[in-house]
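Not measured: the values here are computed from a predicted model.
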Amino acid sequence: MQHTEGTYILPYIDGDNKFTPVVNMRSSIFLAGPCPRENYGEDWRFEAATILRRLGFKGNIISPTNDHYMEMRKNYGLEMLSQQTEWERRMMHTCSALVFWVPRSEKWPAFTTNVEYGEWYKKEGVFFGYPEGAIKNEYLELKLQEQNKTAYHTLEDILKAAMDHIYRPSDSYFTADTHFGQERTLQLSRRPFADVEEMDLTMVSNWNKRVPESGIVYHAGDLIDPAQIDKLSTVLSNLNFAELHWVLGNYDRKVKEQILDAISSVGLEDRQIYVYDVDNPCYVNLKKEDGKEVKFRVIHEPADFEYHDDIDVTYLFGHIHGRSFAKRNGFDIACDYSNYTPLSSEQVLWFKNAMQYWDKNVYCDRVNRVSDTVEYTLDATERSYHWPKQAISSFMRLPEEQRLVTFGKQETTYPIAEIDFATAVGTVKEITPDNKLVIKINKDYPQGRVIAKMLEDKLPVKYYLAGAADGSMIIERDIKDPSATITEAQLKYE
């Protein structure tokens, strides 16, 4: 059968031992299942194509049947098997619906089909069926039932189901940080793929089998590797969407003009692409089941820019690849977090509702594990300290975590104005009525271990007491001079 682009796609191009390029394959159906190795006119796919056209399917019909295969295998050996298998892999990932029709018989044992089915049956957009009388399909149907999916027993029924999947009603979908073609992202984000090609195919497959032909997609930036911008039109031609709302990411902005040029040159037909930057905000309203609308803003970086919106806006961002999913006013829609699959509007609304239940355990910067601490008591009375009552009461009213102790070597001079709070390795637990200072040292810090050892060895040290993180109140004392008394000049307090 003569290859006709965009209609009935075969592996080869007649008259040339080249495989059909994978381009313009959005809204396609791949007809998986046993292929004849002779008597090619008996291929069930011809009947399937007739049914699909009668039902009004206007997309690509992809057939893996290669009636040149045996001749090509004879001429090129295993290399031809490799090329045929690779072509099928690309097409099965790029299609929007994968139909496994298995008329298994002694003549058509479908050994390869069993392996392919095992790789795909759990996934979205995959359909399985076999005609009455086909043999040895019971186990495959049982595995399908585990996924709460239906097995079909007429060719028309399974093809109707595939079409309904592609042509289902419009919805909104959300993703970010696909980075198509980018080796750097594959490595730095530790993506679980063997290479960039597998990464790209997986993301295209998940996109097309989730997003219908009429889908509205919001992409929060970094869609493609800037170095691969010449391939943008091919990438877009293989993705399902009626509208693509593309918020430029930090990588995209580097090639903004090339992106705009590429989009203008793509034959989008009835599709639309809208491009947004920081100065051109992207908003979307999603309707909940009760009919109320929720307002979202799609952005790329959650922190690098100031976004001046009302408090009712929830931000959908990317850039950090799921490394910190939750913010107090939004969450990450990067594909790394969502199994490299666009989120549906239902999923986005679910997360929005869940935000009210997120607590300090979601937003904490560090895990509050129990520290390795040790306490020391400095006998202020023996060293003739004089503590102004005003200093004691102001200092001790602060929470313990703000009653900081900073240590330094005895011979070093530390004027109050030059105190380095980064070296604060302890807190004042209490100041006793008899003028004893109880200090808790945190040995989790390397400096803390050093100071603890110095105190254990009774080495002379100098310390500062600093109230509050901003140093709004500081008490300076020098252990070396037991006769020294604190003065008002040495005391700062609120």
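In this structure, V22 and H93 have side chains that are not in contact, with every pair of non-hydrogen atoms separated by 4.5 Å or more. With contacts defined as side-chain heavy-atom distances shorter than 4.5 Å, the pair S63/D43 qualifies. By the 4.5 Å heavy-atom criterion applied to side chains, F127 and D157 are not counted as neighbours. For the pair L31/I62, no side-chain contact is recorded, criterion being any heavy-atom separation below 4.5 Å from C-beta on. Considering only heavy atoms from C-beta on, N238 stays 4.5 Å or farther from R26 through its side chain. Here the side chains of D332 and S324 are not in contact, with every heavy-atom distance at 4.5 Å or above. Using a 4.5 Å heavy-atom threshold, the side chains of N66 and F19 count as touching. With contacts defined as side-chain heavy-atom distances shorter than 4.5 Å, the pair I224/T178 does not qualify.
With values rounded to the nearest 0.5 angstrom, N206 atom CG is found 6.5 Å from T202 atom OG1. Considering CD of E346 and CD of E289, their distance stands at 8.0 Å, rounded to 0.5 Å. Here R323 contributes atom CZ and D336 contributes atom CG; the two are 5.5 Å apart, rounded to the nearest 0.5 Å. Between the CD1 atom in I259 and the CG atom in D252 there is a gap of 4.5 Å [rounded to 0.5 Å]. Taking NE2 of H219 as the reference point, atom CD1 of I273 lies at 11.5 Å (rounded to 0.5 Å). Expressed to the nearest 0.5 Å, how far CG of L52 lies from OH of Y8 amounts to 10.0 Å.
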| query | Run the side chain to side chain contact (heavy atoms under 4.5 Å, CB included) check on K295 and D310 step by step: do they pass? | reply | CA-CA 10 Å; K295 188 175 183 179; D310 62 71; 4.0 Å; yes

| task | Report the C-alpha separation of W246 and I263 in whole Å, then their side-chain angles, then the decisive distance to 0.1 Å, and conclude whether the side chain to side chain contact (heavy atoms under 4.5 Å, CB included) test is met. | result | CA-CA 11 Å; W246 182 354; I263 289 174; 4.2 Å; yes

| Test log, rule side chain to side chain contact (heavy atoms under 4.5 Å, CB included), inputs V217 and W207 | CA-CA 10 Å; V217 179; W207 179 312; 3.7 Å; yes

| said: For R45 and C35: C-alpha separation, side-chain torsions, deciding distance, then whether side chain to side chain contact (heavy atoms under 4.5 Å, CB included) applies. | reply: CA-CA 9 Å; R45 292 171 178 83; C35 297; 3.5 Å; yes

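Side-chain N or O atoms of S264 include one that pairs as donor or acceptor with a backbone N or O of D261 at under 3.5 Å. Side-chain atoms of Q147 never come within 3.5 Å of backbone atoms of L144 as a donor-acceptor pair (strictly under, hydrogens ignored). Looking at D177, its side chain never comes within 3.5 Å of a backbone N or O of D222 through a donor-acceptor pair. In terms of modelled atom types and a separation under 3.5 Å, the side chain of S28 and the main chain of C95 share no donor-acceptor contact. Between the side chain of N240 and the backbone N or O of G215 there is no donor-acceptor pair closer than 3.5 Å. Side chain of N339 to backbone of T341: no donor-acceptor contact under 3.5 angstrom is found. S170 contributes a side-chain N or O that, together with a main-chain N or O of S214, makes up a donor-acceptor pair within less than 3.5 Å. Within the 3.5 Å criterion, the main-chain N or O of F296 finds no donor-acceptor partner in the side chain of Y283. Between the W44 side chain and the P34 main chain, a donor and an acceptor come within less than 3.5 Å of each other. Counting only distance, with no hydrogens or angles, the side chain of Q84 and the backbone of P64 share a donor-acceptor pair below 3.5 Å.
Closest approach of M199 and Q182 over heavy atoms only: CE-O, 3.8 Å. A pairwise comparison of heavy atoms in P342 and T175 identifies CA-CB, 4.1 Å as the closest pair. Minimum heavy-atom separation, K209 to W120: CE-CZ3, 3.7 Å. E301 approaches Y307 most closely through the heavy-atom pair O-OH, 2.7 Å. Here the closest heavy-atom approach between residue N280 and residue V275 is recorded as ND2-O, 3.3 Å. Taking every heavy atom of both residues into account, Q356 and N353 meet most closely at NE2-OD1, 2.8 Å.
Taking the six-membered ring where the residue is Trp, Y130 and H153 present perpendicular rings, their angle passing 60° and hence far from 30°. Using cut-offs of 30° and 60° for the angle between ring planes, the F30 and W87 rings count as tilted. Between Y276 and H245, the ring planes lie parallel to each other; the angle is under 30°, not in the 30° to 60° tilted range. Between H300 and H319, the ring planes lie perpendicular to each other; the angle is over 60°, past the 30° to 60° tilted range.
Cation-pi geometry between K149 and Y121 is not met at under 6.0 angstrom from the ring centre and within 45 degrees of the axis. Relative to the ring axis of Y251, K254 places its NZ or CZ within 45° and under 6.0 Å from the centre.
In summary, the aromatic rings of F128 and F100 are positioned with their centroids too far apart to meet the 6.0 Å limit. Between F331 and Y337, the gap from one ring centroid to the other reaches at least 6.0 Å.
Atom CZ of R190 has 12 or fewer neighbouring heavy atoms from other residues, nucleotides or ligands inside a 6.0 Å radius. The 12-atom threshold is exceeded at NZ of K123, counting heavy atoms of other residues, nucleotides or ligands nearer than 6.0 Å. No more than 12 heavy atoms of other residues, nucleotides or ligands shown are found within 6.0 angstrom of CZ on R184.
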Taking only distance into account, with no hydrogens and no angle test, what donor-acceptor pairs under 3.5 Å do side-chain atoms of residues 108-115 form with protein atoms, sequence neighbours excluded?
| unit_1 | atom_1 | unit_2 | atom_2 | d |
| --- | --- | --- | --- | --- |
| N114 | OD1 | R104 | NH1 | 3.2 |
| N114 | OD1 | R104 | NH2 | 2.9 |

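Under the ring-ring contact (aromatic ring centres under 6.0 Å, His included) test applied with F174, the options F351, Y315, Y218, F317 reduce to a single match, Y218.
A salt bridge links E197 with R89: the closest approach of a Lys/Arg side-chain nitrogen to an acidic carboxylate oxygen falls below 4.0 angstrom.
A donor-acceptor contact under 3.5 angstrom links the side chains of D171 and S345, judged on distance only.
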